[in-house]
Amino acid sequence: MATLRLGDTAPDFNAETTEGTIQFHDWLGDSWGVLFSHPADYTPVCTTELGTVAQYTDQFKKRNTKVAALSVDGLESHKGWIKDINETQNTTVNFPIIADEDKKVANLYDMIHPNADNNLTVRSVFIIDPSKKIKLILTYPASTGRNFDELIRVIDSLQLTAYQKLATPANWKQGDDCVISPAVSNEEIPELFPKGHTEIKPYLRMTPQPDSK
Ligand code: BEZ
């Protein structure tokens with residue numbers, strides 16, 4: 001198993017999920033994707049995470065992003081646990097949870113880190129663009145629930161910078177000023193970024209976030 005890196009094509013797979021069998025690439029279609037693993041069903045932190053993702057359904061939908069969860073538990077376990085998530089987190093889980101009992105997908109995506117736990121997936125996150133390239137990889141320990149606001153923020157940055165010659169600075173959020181890509185010459189700036197720019201250093205040029213196209 002080769003280590004996955006940014007820019008690699010996300011491996012395709014066929015898997016049983018709580019929303020039926022999926023062929024991952026076909027299921028993604030033209031959408032952006034988030035594939036994230038959790039250690040085990042019927043555990044407290046995972047329950048809050050999957051509840052939060054369900055509550056963020058509209059946020060992901062607005063960003064043309066499909067979300068799939070994964071653990072090495074079976075389908076019946078996932079289905080029973082979803083009832084608990086819906087009840088305790090006041091939501092409706094409406095995204096697929098992959099039942100990866102044979103660890104096929106976990107191994108493809110290197111989600112089991114044996115020195116952390118030999119059998120269970122860690123909290124991995126992969127953000128995948130519409131051409132199926134991996135744009136972000138995160139790994140969290142079992143004891144730390146993820147910040148899904150941060151994932152939404154990264155998707156916003158990725159979607160902005162995919163289509164404009166921009167990058168986003170530390171702690172950037174929607175509406176904040178952006179960094180002009182070093183590949184853009186000063187002469188090109190007025191046409192590309194008509195809202196103007198500030199040159200703090202020749203290599204650090206800021207511009208207001210362009211209106212979305
Ligand atoms: C949890 O989701 O609460 C959890 C799962 C595995 C290990 C520790 C915590």
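Residues: numbered from 1 along the sequence shown. When reading the values below, keep in mind they use all heavy atoms of this one structure, side chains included, and skip hydrogens, waters and symmetry mates. Atoms within a ligand are numbered from 1 in the order they appear, just like the ligands themselves. Here the structure is a predicted model, which is why all the values come from computation and not from measurement.
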Salt bridge (Lys or Arg N to Asp or Glu O under 4.0 Å) against Asp84, all qualifying residues, sequence neighbours excluded: none

Which residues share a salt bridge (Lys or Arg N to Asp or Glu O under 4.0 Å) with Lys103, sequence neighbours left out: none

CA sep, side-chain torsions, deciding dist, call: Leu4, Phe126, side chain to side chain contact (heavy atoms under 4.5 Å, CB included): CA-CA 10 Å; Leu4 290 176; Phe126 295 85; 4.1 Å; yes

His78 versus Asp41, side-chain donor and acceptor atoms under 3.5 Å: yes

Pocket residues of ligand 1, ordered first by chain and then by residue number (heavy-atom cut-off under 4.0 Å): Pro39, Thr43, Pro44, Val45, Cys46, Arg123, Ala142

Donor-acceptor pair between Asp129 and Ser131 side chains, under 3.5 angstrom: yes

Pair up each side-chain donor or acceptor in residues 179-195 with any protein partner under 3.5 Å, not counting sequence neighbours, and list the distances.
unit_1 : atom_1 : unit_2 : atom_2 : d
Ser181 : OG     : Ala183 : N      : 3.2
Ser185 : OG     : Glu188 : N      : 3.4
Ser185 : OG     : Glu188 : OE1    : 3.2
Asn186 : OD1    : Arg205 : NH1    : 2.9
Asn186 : ND2    : Glu199 : OE1    : 3.4
Glu188 : OE1    : Ser185 : N      : 2.8
Lys195 : NZ     : Gln209 : O      : 3.0
Lys195 : NZ     : Asp211 : OD1    : 2.8

